[in-house]
Amino acid sequence: MTWELLSIFGTIAFAVSGAIIAMEEDYDILGILVLALATSFGGGMVRNLLIGIPIENIWDQGLLFKLAIIAVIIVFILPQHWIFYWEKPGLFFDAIGLSAFAVQGALAAVEAGYSPIAVVVAATLTGCGGGIIRDILAGRKPLVFRTDIYAIWATLGGTVIALGWLNIEWEKYVLTALLVI
Amino acid sequence: MTWELLSIFGTIAFAVSGAIIAMEEDYDILGILVLALATSFGGGMVRNLLIGIPIENIWDQGLLFKLAIIAVIIVFILPQHWIFYWEKPGLFFDAIGLSAFAVQGALAAVEAGYSPIAVVVAATLTGCGGGIIRDILAGRKPLVFRTDIYAIWATLGGTVIALGWLNIEWEKYVLTALLVI
Amino acid sequence: MTWELLSIFGTIAFAVSGAIIAMEEDYDILGILVLALATSFGGGMVRNLLIGIPIENIWDQGLLFKLAIIAVIIVFILPQHWIFYWEKPGLFFDAIGLSAFAVQGALAAVEAGYSPIAVVVAATLTGCGGGIIRDILAGRKPLVFRTDIYAIWATLGGTVIALGWLNIEWEKYVLTALLVI
């Protein structure tokens, strides 16, 4: 339940970050929607592809899709200067999204019976993949490779959880706390 | 039949646009071929991937492949200044390709029994995906996100048709007309 | 056996080239790892995708993964100026990797029973795909489209071998020789 909630926060945060970057690039509404959805669901798609889950499974996440689209519409309607207020909580939500997705990716790879290396890669790509695709579509260098040192923590955290070395409920909060610091 | 023909026009137009952009970037013959084929078939590949059609099905389109490659060779052989004459009819063919591909993508998603959101995404990506991949491979920002307002019409048109709200034959011409205006 | 060895050389060379480019872009360790692995395994992933081999098969290459990661760690630890010594042998290894991968891609497509066009595309993408993904992730224009005239030879060589027009053992050395010149 709390887990579900983190996923929802993460999806919305990623959709908003995609929409904001698209607006910074003066993209039209099509570009805004594509970047927002690519950021939210790109990581999951790459993960599904790599660990052999049918990629069309992403369509089962109907609720997350609707929330992401609603979030984009709100960002699009809001006056531009509101975006500045987003920056601080945005980083916070982004961190939640990244770690929630990394854990999900790692768990999916563990369930599918992959080796530890594959688990780490799946965690990394599920967490960071959406942001990488977003930056490439915006014609930028992927931000996550340059400044987001917390991406490594999210990845490691995801792997640690997935390999069962720690209790999920407990680690989750520690991880989020670590990220926000 | 008319439908088939639009597909052929679209494939050739996309291949030519990919080849021209590769030449503008001073790419060699390998780059020209890859960009041309990526523009023509990239959208369909992304669509197949997203809606769970085996992606290797694209190889069944042998005729379209041959036509695309022949188009590239003709563009490569023609003297450079001929490219300027292409610009006007090029936009026209591009529009036909984009709308024909959007309708195809939407129909494929409807046939596979997906939700309306998935249908819209499939229409968008089949129509615009090739151009997006082309621009990324050329190191440019995707053009379709910035100026091609008609991309939205193509997407909407594709969805409308696919959801069966309009008669295909009738809408097709209206859509093409709309795009060219 | 010799074949296996070429594959190993190629994987390591590609991993090192990805790591070096990531370091030139001031990427952090996450970026270095992602670029190195994307260069080594990206081409194979795209090939698997296009010719309908389950993409998760790449995880079977456990030895190659480990070697690539060890190569990255060595590059990361070595003092920066050592990188300059890599350039000359690097091109040589790169050429081996490209041609070994092109041949592999072509053989995989032939085994799966595809048409000659598909074989050429599979050879091209397996050989060049990793480098293209690397350059896009680094925010650069794909190098292989611009200067590496030898990429075409690798592709053609791969196709020729795969279609059985030449004896593999014999051609392999000629091809490598050609590339290095």
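Remember, it's a predicted structure, so these values are computed and weren't measured experimentally. Labels below follow one simple rule: chain letters A, B, ... track the order of the sequence lines, proteins then strands, and each chain is numbered from 1.
Scanning all heavy atoms of the two residues, the minimum distance from Leu30(A) to Cys128(B) falls at CD2-SG, 4.0 Å.
Heavy atoms closer than 4.5 Å to chain A are found in the side chain of Ile136(B), but not in its backbone. With a threshold of 4.5 angstrom between heavy atoms, Ile132(B) approaches chain A through side-chain atoms but not through N, CA, C or O. For chain B, the nearby part of Ala138(A) is the backbone; its heavy atoms alone come within less than 4.5 Å. For a residue to count as touching a neighbouring chain, one of its non-hydrogen atoms must lie under 4.5 Å from one of that chain's; by this rule Leu35(A) touches chain B with the side chain only.
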Leu49(B)/Met45(A) under side-chain contact (heavy atoms from CB on, under 4.5 Å): CA gap, chis, key distance, verdict: CA-CA 10 Å; Leu49(B) 198 61; Met45(A) 281 189 280; over 6 Å; no
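Side-chain contact between Val34(A) and Val121(B) is absent, with no heavy-atom pair separated by less than 4.5 Å.
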